[in-house]
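Before any comments, here is the structure.
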Amino acid sequence: MRIALLFALMAVTTGPALAQDAHAVPGEEPVDPYVVSDANAGATPFEGQAMWAAFNEGEGVGRIVDQMLDLSAADPRTAGIFVATDMVRLRRTLREQFCYILNGGCRYTGRSMADAHDEIGLQPADFGALVEHLQTAMTAEGVPFRTQNRFLAKLAPMRPDTVTR
Amino acid sequence: MTHEVGASVIRSIFPCLLACLLAGPAAAQVFDWVPDSRTGGKLLLTGGVSSVEGAGGGGLATWAVTTGYGAEDGIGGNVHATYVSLPDYELRSVGAAVGLWDRVELSVARQEFDTGSTGALLGLGEGFTFTQDVVGVKVKLVGDAVYGQASWLPQVSIGVQHKSNDQGAVISAVGGRDDEGTDVYVAATKLFLSESLLVNGTVRWTKANQTGLLGFGGDRNDDYAPRFEGSVGYLLTRNLLVGAEYRTKPDNLGFAAEDDAFDLFAAYAFSKNVSLTAAYVDLGSIATFEDQRGLYLSLQVGF
Ligand code: HEM
C-alpha cells in the first residue's frame, strides 16, 4: 500500500510539473509559486545539435554560466545586484535555460524573465555589462564569434522583460 | 510632476545656495530629475563611428544609431579626427558629438577640403581650402538596431545637418547657389545579429555639392532631391566591423560632373574609448579631376 502510494506520488511529480517541484531543489531558497513551463525560458530552442556541440554541451554551458556570473558579481557596475541573490538557484536555472535554448535536451524549470527580474530594477547598462561577460565566457569556452551572436540573438529580445528602469 | 520637482529644486537650492551645492545632497536632488547618466551601456561598435559629417554612422553614411556608448540610461560622447588622402585633394575633418540617453545625438564637425597643388590648376591658388562647418541633430524615433532581434523593425532616426561653407565667392563663381545648406535625412539601421550583419539605409534630402564642400545648389539644378546612403557591415569579432558603403549625390554644377561615392571600410574598436576606421574610398570626379580614390583614416576617442 505504502509503495503504491509512493508510485502514485512519483507519477504525479513527473507529470506536468507544478511550482512546488521547482522549489524543492536542496540548497536553494524558496521562491513564490509559479507555473513551470519551458515557455518561461523566453525563447524557442535551436534545431539540431550544432549549437549544443559548439558550446561543448552541458559542461561547456556550466563553465560559461559560472564565468558569466562570477565576472558579473565581481564587476563594480553590477556587483550590487547579485549580493542578495540565491546564486545556487541562479546557476541551476541559467544552465537549464541555456541548455534548453541550445537544444541540449533540458527542460527549463525557472521563472519567466519578467517574473525573475521584476523586482531587481535592472537598467540598460546592466544588461550590456552582462552580455559583455557572457561574450567573454563564450570566447573562453572557444565558441566561435558567429555562433555566439546566434545565441545572443535569442537573448536580445528578452531585454524589455529584464530591464525595468 | 515637473512642477513638484521644480519646486523642490528651488526649495533646496534657494536657502543654502553654494553651501548645499558643495555639500552634495542638493546636487544629488538636482540630478534626481535628470535621467540616469551611466556611461558605457552599449556594446562595442554599436554606436557606430564618426562619419565624415560628424554624425554617428559609418564613414560616408550616417546611421540611425546614436553616437557613443550611452544606452537609454546613459550618455556618450566622442571627438574625431578624419583624414582622406585623394590623388588631387585632401580632406580633413575634426568634430565632436554626444549621444543623450540613446535618443538624441548632437554633433559638430569642421571639414577642410584642401585643394593643394590642384588649387593652382583650378585658378584658386596653391593650397586653397574650403572650410565647412556642420552642425547636426539626430533623434531616434523607433526600434532598437541591436536588441530588436525578434522584430523586423529597424532602428529609425531622423536628422538635420546644417552646413556652412566659408568660400561663398568661389562657390558662386563656379555656379553654386549658396554657401549654406541644410540636409534632412531618415536613417534606418538594423543588426541582423544571428548573421553578424549590419545593414543601414538612409535617405537624405539635400542639394549639397560634394556634401557641401562646393556649396549648395547650382546652375544645373537648385532643388532638393532625395539621395541614398547604404552600408553593409559584417562583424568579424567584437572589435572589428568590415563593410562597404555607397552614397548617391546630387549633380548640380555645370562646370563639373559629380559622381556617387563608394567605400570599403574596416572599423576597429581598441576599447570603448578608442576606435580607428580605415577605408578605401572612391569619390569619383571632383571639380573636373577624375578618379578621386584614396585612403580614409579616422580616429575616434570618447566614451
Ligand atoms: C537575456 C538576459 C538574461 C537572462 C536570459 C537571464 C536569466 C535569468 C534566469 C534564468 C533567472 C532565474 C529565474 C528563476 O530564479 O526562476 C534570472 C534571475 C536573475 N537575474 Fe537574470 N537574466 C538576464 C539578464 C539579467 C541581467 C542583465 C542581470 C543583472 C546584471 C540579471 C540578474 C539576475 C538576478 C539578480 C536574478 C535573481 C533574481 C532573484 O533572486 O529573485 N539578469 N535571470
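Atom set for the values below is all heavy atoms of this structure, side chains included, hydrogens, waters and symmetry mates excluded. Sequence lines set the chain letters: A, B, ... in the order given, protein chains first and strands last, and positions in each chain run from 1.
Highest contact tally toward chain B, considering only A:P144, A:A43, A:A156, A:A129, is held by A:A156 [criterion: heavy-atom pairs under 4.5 Å]. Heavy-atom pairs under 4.5 Å with chain A peak, among B:L235, B:L191, B:V146, at B:L235. Heavy-atom pairs under 4.5 Å with chain A were tallied for B:T46, B:L43, B:T237; the largest tally goes to B:T237. Looking only at heavy-atom pairs under 4.5 Å with chain B, the residue among A:T136, A:V163, A:T139 that has the most is A:T136. Taking A:Q135, A:Q148, A:R77, A:R150 one by one and counting their heavy-atom pairs under 4.5 Å with chain B, the maximum is reached by A:Q135.
For the pair B:D73 and A:A125, the tightest heavy-atom approach, listed with the atom from each and the gap, is OD2-N, 3.0 Å. The heavy-atom pair separating B:A71 from A:P124 by the smallest distance is CB-CB, 3.7 Å.
Under 4.0 Å is where a charged nitrogen must lie from a carboxylate oxygen, and between B:E72 and A:R165 no such pair does. With respect to the salt-bridge test (charged N to carboxylate O, under 4.0 angstrom), the residues B:R238 and A:E132 do not qualify.
Of the two parts of A:R146, the backbone and the side chain both hold a non-hydrogen atom closer than 4.5 Å to a non-hydrogen atom of chain B. With a 4.5 angstrom heavy-atom cutoff, B:L236 touches chain A only via backbone atoms. With a 4.5 angstrom heavy-atom cutoff, B:D144 touches chain A only via side-chain atoms.
At distances below 3.5 Å, not a single donor-acceptor pair connects side-chain atoms of A:N149 with backbone N or O atoms of B:S196.
With a 4.5 Å cut-off on side-chain heavy atoms, B:R38 and A:D126 count as touching.
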